Protein chains: 2
Amino acid sequence: MSNQPEVLTPDTRTRILNLAQQLLLERGFNAFSYQHIAKELGVKSAAIHYHYPTKEDLGTAIIQRQRKRLNKWRGLPRLTELQPQQQLEALFEVYLEHLRSEQRVCLFGSLAAEFRTLPEAMQQELRLLTRELTEFLAGVLEAGRAAGTLAFKGQPTAKAAQVLTTLAGALQMARVHDERQFYLIFEQLRLELLPE
Amino acid sequence: MSNQPEVLTPDTRTRILNLAQQLLLERGFNAFSYQHIAKELGVKSAAIHYHYPTKEDLGTAIIQRQRKRLNKWRGLPRLTELQPQQQLEALFEVYLEHLRSEQRVCLFGSLAAEFRTLPEAMQQELRLLTRELTEFLAGVLEAGRAAGTLAFKGQPTAKAAQVLTTLAGALQMARVHDERQFYLIFEQLRLELLPE
DNA sequence: GTCTATATCCGGATAGAC
DNA sequence: GTCTATCCGGATATAGAC
């Protein structure tokens, strides 16, 4: 789930997508514009429309790319060979990276509030993304509990949904207050899941 | 923390505030307009500007009112006389009402994503609101653990922050998926806090 | 306190030249 | 692929009549 498969100077199309995602996570979908992207990129907004005709196309592409990254990432041998609690740590690391970059919010946390104002295609993609992520985490939790290295009550699916919404909410808290608030919640999560 | 202190036909100023809050929770701050309120209210948008000159005024008033409601509510004898775990249930009830109304999101969950695009005054008020709410819940949790009726590890403040972000996130989940997702998370929370 | 009318600006989007 | 130029709609906000 790294953020730049391209190492240096990606093509315009990709640079647009990168910047759009950054703006989306910083300001929300309704509060960023083609002009913002154009200005930062040093081109005119008509050029953006050439690559992504409508804002719906652009928004949908952002979520789709994230889904692809997730599904590639979760199949990587480097990940699947890890123990469940290490896989969980690897997932945590993704959220910590969100926090460290000035974005401080995940896609779900950015789009959920405005959800009803989003184009249908974006709503669909976001539903798929969260479903896939929950599914993945539920598997990790279940395996971890079976191995005795993770502890929680109830069903893996319920716990996975709870953990993910907590992480999304914690990033939002960091944005409203500061990093400390995130770590407070984050450490509480770990305290409960990784006993010893 | 009831939502209509006025029983019937509140004055225009209040009806504007009610409607604006509803729209804010449904669409987010950047995606609702004076025209939306005006149309639904059967007046012209200039009339809204008479009561709330700028959108910043309007948004700030919404959060301030919610803070007043919270602080009045948490001082009510009807609440303070309850046992801690009943106070917690009363708080849960507020979120369940959010879910039942078609709003399905709390103020924090609605504003956090767009936070950096909000006027300064609104940011301040939202920080105060979440601080006061966390403070209140931390007290309830601490008392409940002392009484042996609530169970959790770690510090009350950390647990309070975690519970609140989880509830906010769970409402967002309900919006993106459906009610079932909320209840899944909600019951997981209760399972962990209210053991027996 | 609400109206009409209007100013101003910015957003998404398209046409056609280069 | 990117530009200039332009259309259109919608948003916040104000002035002044009633």
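Note that the structure is predicted; figures quoted are calculated from it, not measured. In the text below, chain A, chain B and the rest are named by the order of the sequence lines, each starting its count at 1.
Distance, B:Gln35 CD to D:dT12 P: 7 Å, rounded to whole Å. B:Ile48 places its CD1 atom 13 Å from the C1' atom of D:dT12, with the value rounded to the nearest Å. Rounded to an integer number of Å, the gap from B:Tyr52 OH to D:dT14 P is 17 Å. For the pair A:Asp57 CG and C:dG12 P, the interatomic distance rounds to 13 Å; values are reported in whole Å. Residue B:Ile37 contributes atom CD1, which lies 12 Å from atom P of D:dA13 at whole-angstrom precision. For A:Tyr34 and D:dG1, the OH to C1' distance is 16 Å, given to the nearest whole Å. Atom-to-atom, NE2 of A:His49 to P of D:dT4 comes out at 15 Å; the value is rounded to the nearest Å. In this entry the distance linking CG of B:Leu58 with P of D:dT12 reads 10 Å, nearest Å.
Among the atoms of the strands shown, only primed sugar atoms or phosphate atoms (P, OP1, OP2) are found under 4.0 Å from some heavy atom of A:Phe32.
Donor-acceptor pairing under 3.5 Å is lacking for the side chains of A:Thr12 and A:His51. A donor-acceptor contact closer than 3.5 angstrom links the side chains of B:Gln188 and B:Glu192.
Comparing D:dG1, D:dT14, D:dA11 by their nearest atom to the side chain of A:Tyr50 picks out D:dG1. Relative to the side chain of A:Ala46, the nucleotides C:dT4, C:dT14, D:dT12 differ in distance, and C:dT14 lies closest. When the nucleotides D:dC3, C:dC3, C:dG11 are ranked by their closest atom to the side chain of A:His36, C:dG11 comes out on top. Here D:dT4 is the nucleotide among D:dT4, D:dT2, C:dG12 with the atom lying nearest to any side-chain atom of A:Lys44. Of the candidate nucleotides D:dT2, C:dG12, D:dT12, D:dT2 has the atom nearest to the side chain of A:Thr12.
By the 6.0 Å contact criterion, CD on B:Glu40 is open, its count of non-hydrogen atoms from other residues, nucleotides or ligands being 12 or less.
Between C:dG12 and A:Thr54, no contact under 4.0 Å exists linking OP1 or OP2 to a side-chain N or O. At least one side-chain nitrogen or oxygen of B:His51 sits closer than 4.0 Å to the OP1 or OP2 atom of C:dT2. Listed pair B:Ser33 / D:dG10 fails the phosphate criterion, with no side-chain N or O lying under 4.0 Å from OP1 or OP2.
A donor-acceptor contact shorter than 3.5 Å is absent between the side chain of A:Arg15 and the backbone of A:Thr9.
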Exercise for review: Check step by step if side-chain hydrogen bond (donor to acceptor under 3.5 Å, both in side chains) holds for B:Thr60 and B:Asp57.
Suggested key: CA-CA 5 Å; B:Thr60 307; B:Asp57 297 326; 5.8 Å; no
